[in-house]
Peer 1: 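Right, I'll just put the structure down here and ask away after.
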Number of protein chains: 2
Amino acid sequence: MEQRKIKVGIIQQSNSSNITENRQRIIEAIRFLSSQGAQLIVNRELHDSLYFCQTENPDLCDLAIDLTQDNLKDYIDVARQEGVVIVVSVFERRTAGLYHNTAIVIEKDGTIAGCYRKMHIPDDPAYYEKFYFAPGDLGFKPIDTSIGKLGLLVCWDQWYPEAARLMALNGAELLIYPTAIGWESTDSLDEKLRQQDAWVTVQRGHAVANGIPVITVNRTGHEVDPSNQTNGIQFWGHSFVAGPQGELLYVAPDDAEDLKVVEIDLDRSENVRRWWPFLRDRRIDAYGDLTCRYID
Amino acid sequence: MEQRKIKVGIIQQSNSSNITENRQRIIEAIRFLSSQGAQLIVNRELHDSLYFCQTENPDLCDLAIDLTQDNLKDYIDVARQEGVVIVVSVFERRTAGLYHNTAIVIEKDGTIAGCYRKMHIPDDPAYYEKFYFAPGDLGFKPIDTSIGKLGLLVCWDQWYPEAARLMALNGAELLIYPTAIGWESTDSLDEKLRQQDAWVTVQRGHAVANGIPVITVNRTGHEVDPSNQTNGIQFWGHSFVAGPQGELLYVAPDDAEDLKVVEIDLDRSENVRRWWPFLRDRRIDAYGDLTCRYID
């Protein structure tokens, strides 16, 4: 069997309101990670701007972009120049009044390998995403690339075992989550740590249940709430890579930027699934009610 | 809102080939845990005997019992005498040549509250369960009791997010897993710890994804392989209770027996689900393929 190891670069950064500068820093990070041997580079969610969903403001739809070659040119160019596969995350304008939270995979030759539109949309204080984003309509389809089938999902999707499972059943070899998640300042330290640990745990659980690695990239740093209703969001960093038994291969710091290359051995998934053949024993005859909202 | 705290007793023990003695030790443990305030007491999987699935031997079907009042009398009596709800796990003989791995809830008045027949049946070296047990046919239905709706599952089920989710969608307030899992002696220490941590993690993940506590009770001690093909199983203990954010409330030792009462606050589930309303955003329109074996 061919040895299949891939080197994944993660870009954990903070953001400013200067989109040009944010992009420039990402391009530099991609060049750096590529120089360190990264073949796949994963960005945080909505990395071009501040996390604008802290308030509901129609004017912020100006931040959305059509998915044209021109709008993605910076990323297309660097992918081709460096010969790396890149995951980018954008506020997509599909038409007037119809927007998505969309992740895109750019091949190492600069072509668009595929898109994923965030399927599960959150809405809670400081994360008013239902105002901005229509739920995705592309389903849970992995994106075929030169380095494997990428099970690309986005942030809130990470709490849903169904999303991870459907990606695995569709042949995904990696689960990838660009993310923007953080703390509310009035929560106690205990509560903050419980939240962060729950977030890591549920995603490591997807790795275990499906026997595939997970790559999660979050932003770091504090962003103020323009409405002053909350104390803003302290994004908790802690980007991580887990193997197919949920074992942590790398964890980034909470409160600092981090550029890191992590090696993943895709052959381990094959081996882990031989010993733990969970897919073999699924009771597909008894899962029909998973399409119910609730059963009562 | 009424404060709903329940005290759960867990019985982590080793087993001998002496069924009468195993039962007697369990009855004593139930009396002890009841004296410590336990209202719900959970046993390990197939607690009456050695873990007989290490070999495929038709004679071992002698260990199976019909689910009659008489065969369960010891447990029914102690439940009524102590006024506690008890989860027992038995090798059920349904008819000639048809057996199940079945968990039963006995109410505090000694009535049978309900049964669950293990839905996911494993089969790997030293765990030849497909030889003994037909897959369950009762589905994923919580069992209504005086202390709440119990989402009772068994061992191998713990690797399946679908099982946990269906229990939650059916109104379960707790997930409960009687278990028999351990190590093969030739695995490295690293591998052993990865396996055990994966096992804890995936179940804590079910707690997080569904916002409900998890109670898992395993056996401890070494049991020899009667066929001498392996070095037997070192059951890894490590029974645990996790809250609705996956936070560990208690973890038993790996290599010692343990009787413990753990308090669970069921109101926390209500609160956690208000802040993390995952059930609200499930994409039930896009989950249909979960009933596929694989999609290709």
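Treat the numbers as computed from the prediction; the structure is a model and nothing was measured. All chains are named by letter (A, B, ...) in the order of the sequence lines, taking the proteins before the strands, and each is independently numbered beginning at 1.
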Peer 1: Looking just at side-chain N and O atoms, do B/Arg94 and B/His100 make a donor-acceptor pair shorter than 3.5 Å?
Peer 2: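 Yes, B/His100 and B/Arg94 have a side-chain donor paired with an acceptor closer than 3.5 Å.
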
Peer 1: Which region of A/Ala207, side chain (C-beta onward) or backbone (N, CA, C, O), has a non-hydrogen atom less than 4.5 Å from a non-hydrogen atom of chain B, or is it both or neither?
Peer 2: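 For A/Ala207, there is no contact with chain B at all, as no heavy atom is under 4.5 Å.
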
Peer 1: Tell me which of these, B/Thr201, B/Leu279, B/Asn210, has more heavy-atom pairs under 4.5 Å with chain A than the rest.
Peer 2: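 Of the options given, most contacts go to B/Thr201.
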
Peer 1: Go through A/Asn218 and A/Thr179 one step at a time and tell me if the side chain to side chain donor-acceptor pair (under 3.5 Å) criterion holds.
Peer 2: CA-CA 5 Å; A/Asn218 191 20; A/Thr179 296; 5.5 Å; no

Peer 1: Using a cut-off of under 4.5 Å on heavy-atom pairs, state which of A/Leu193, A/Leu166, A/Asp289 scores highest against chain B.
Peer 2: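 Among the listed options, the one with the most contacts to chain B is A/Leu166.
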
Peer 1: With side chain to side chain donor-acceptor pair (under 3.5 Å) as the test, would you mind laying out the steps for B/Ser227 and B/Asp225 before giving the verdict?
Peer 2: CA-CA 5 Å; B/Ser227 73; B/Asp225 174 0; 2.7 Å; yes

Peer 1: Just wondering, do B/Phe133 and B/Cys53 contact through their side chains at under 4.5 Å, heavy atoms?
Peer 2: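 B/Cys53 reaches B/Phe133 side chain to side chain.
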
Peer 1: Give a yes or no on whether the ring-centroid distance for A/Trp156 and B/Phe278 is below 6.0 angstrom.
Peer 2: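 Yes, they do, as the ring centres are separated by less than 6.0 Å.
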
Peer 1: Report which part of B/Ala164 has an atom under 4.5 Å of a heavy atom belonging to chain A: side chain, backbone, both, or neither.
Peer 2: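 Contact with chain A involves no heavy atom of B/Ala164 at all.
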
Peer 1: Give the intermediate values and the outcome of side chain to side chain donor-acceptor pair (under 3.5 Å) for residues A/Asn101 and A/Arg117.
Peer 2: CA-CA 6 Å; A/Asn101 186 327; A/Arg117 292 192 177 117; over 6 Å; no

Peer 1: Specify which of A/His206, A/Gln203, A/Arg194 makes the most heavy-atom pairs with chain B at under 4.5 Å.
Peer 2: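 Ranked by heavy-atom pairs under 4.5 Å with chain B, first place is A/Arg194.
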
Peer 1: Just give me the residue among A/Thr291, A/Asp281, A/Val202 that pairs up with chain B most often, heavy atom to heavy atom, under 4.5 Å.
Peer 2: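 Of the options given, most contacts go to A/Asp281.
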
Peer 1: Among A/Trp276, A/Tyr160, A/Trp199, A/Tyr294, who wins on heavy-atom pairs under 4.5 Å with chain B?
Peer 2: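 Option with the top pair count is A/Tyr160.
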
Peer 1: Heavy-atom distance under 4.5 Å to chain A: side chain of B/Leu290, backbone, both or neither?
Peer 2: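 Both parts, backbone and side chain.
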
Peer 1: Examine the side chains of B/Gln195 and B/Asp187 and answer whether a donor and an acceptor come within less than 3.5 Å of each other.
Peer 2: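 Short answer, yes.
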
Peer 1: What part of A/Glu247 gets closer than 4.5 Å to chain B, counting heavy atoms only: side chain, backbone, both or neither?
Peer 2: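 Looking at A/Glu247, just its side chain touches chain B.
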
